[in-house]
Amino acid sequence: MGELSKLPNIGKAVEEQLILVGIKTTDDLKKIGAKSAWLKIQEIDESACINRLMALEGAIQGVKKTMLSDEVKAEVLKIQCL
């Protein structure tokens with residue numbers, strides 16, 4: 001496993017998906033943001049749901065997705081509904 005899988009919430013499968021959509025480093029993920037990364041993953045995996053989006057946001061913030069603040073969770077839910 002590579003650099004991305006060292007982030008919270010990112011296992012081998014999600015890391016592989018991120019690499020497939022052109023996100024190869026932690027900096028790449030931070031620059032593109034959780035929403036854009038999730039939308040790119042959805043293009044190759046329609047099953048990528050709100051949990052994947054929360055996981056990506058948590059990875060960017062360096063926390064488990066369950067530890068995201070209520071405000072961040074509310075913002076992520078808005079993104080998912082777009």
Side-chain angles (χ1 to χ4, degrees):
M1 294 198 297
E3 174 184 340
L4 291 166
S5 64
K6 293 177 184 171
L7 297 171
N9 313 309
I10 306 296
K12 183 179 179 182
V14 175
E15 179 180 51
E16 288 173 358
Q17 288 181 328
L18 287 166
I19 291 169
L20 279 173
V21 299
I23 302 167
K24 297 179 171 73
T25 67
T26 301
D27 285 340
D28 291 344
L29 179 58
K30 288 179 179 179
K31 285 177 188 170
I32 194 169
K35 177 185 175 185
S36 294
W38 178 68
L39 290 171
K40 286 179 174 282
I41 289 173
Q42 274 199 321
E43 290 176 8
I44 63 167
D45 180 4
E46 293 178 5
S47 72
C49 63
I50 186 70
N51 290 322
R52 184 95 31 96
L53 178 55
M54 292 277 193
L56 292 167
E57 183 60 37
I60 288 170
Q61 292 193 24
V63 299
K64 292 285 186 184
K65 64 184 178 186
T66 56
M67 299 303 293
L68 291 169
S69 70
D70 290 339
E71 294 81 20
V72 170
K73 288 178 185 176
E75 286 299 313
V76 169
L77 287 171
K78 287 181 192 174
I79 291 169
Q80 193 262 342
C81 294
L82 295 177

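Keep in mind that this is a model prediction, so the values were computed, not measured. Keep in mind that the numbers below use all heavy atoms, side chains included, and drop hydrogens, waters and symmetry copies.
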Roughly how far apart are Asp27 CG and Ile32 CD1, rounded to 0.5 Å?
13.0 Å
Please report the shortest heavy-atom distance between Val63 and Asn9, naming the atom on each side.
O-ND2, 2.9 Å
Could you tell me whether Lys30 atom NZ has more than 12 heavy atoms of other residues or ligands within 6.0 Å of it?
no
Which pair of heavy atoms, one from Gly62 and one from Pro8, lies closest together, and at what distance?
C-CG, 3.5 Å
Under 3.5 Å: donor-acceptor pair, side chain of Glu57, backbone of Ala34
no
For the backbone of Gly33 and the side chain of Trp38, can you confirm whether one donor and one acceptor N or O come within less than 3.5 Å of each other?
no
Asp28: salt bridge (charged side-chain N to carboxylate O under 4.0 Å, His left out) partners, not counting sequence neighbours:
none
Hey, could you give me the CD1/SG distance between Ile41 and Cys49, rounded to the nearest 0.5 Å?
11.0 Å
Between Val76 and Met54, what is the shortest heavy-atom contact and its length?
CG1-SD, 3.7 Å
Using the side chain to side chain donor-acceptor pair (under 3.5 Å) criterion, which residues pair with Thr66? Sequence neighbours excluded.
none
Spatial distance of atom CG (Leu53) from atom CD (Glu75) [nearest 0.5 Å]
11.5 Å
Could you walk me through whether Lys65 and Asn51 pass side-chain contact (heavy atoms from CB on, under 4.5 Å), step by step?
CA-CA 8 Å; Lys65 64 184 178 186; Asn51 290 322; 3.8 Å; yes
To the nearest 0.5 Å, tell me how far Leu68 CG sits from Lys73 NZ.
6.5 Å
Output the distance between atom CG (Leu20) and atom CD1 (Ile44), rounded to the nearest 0.5 Å.
5.0 Å
State which residue, out of Arg52, Lys40, Lys12, Gln42, fulfils the side-chain hydrogen bond (donor to acceptor under 3.5 Å, both in side chains) condition with Gln17.
Arg52
So which heavy atom on Ile23 is nearest to which on Leu4, and how close?
O-CD1, 3.3 Å
Check whether any side-chain N or O of Glu3 sits under 3.5 Å from a backbone N or O of Thr26 as a donor-acceptor pair, and report yes or no.
yes
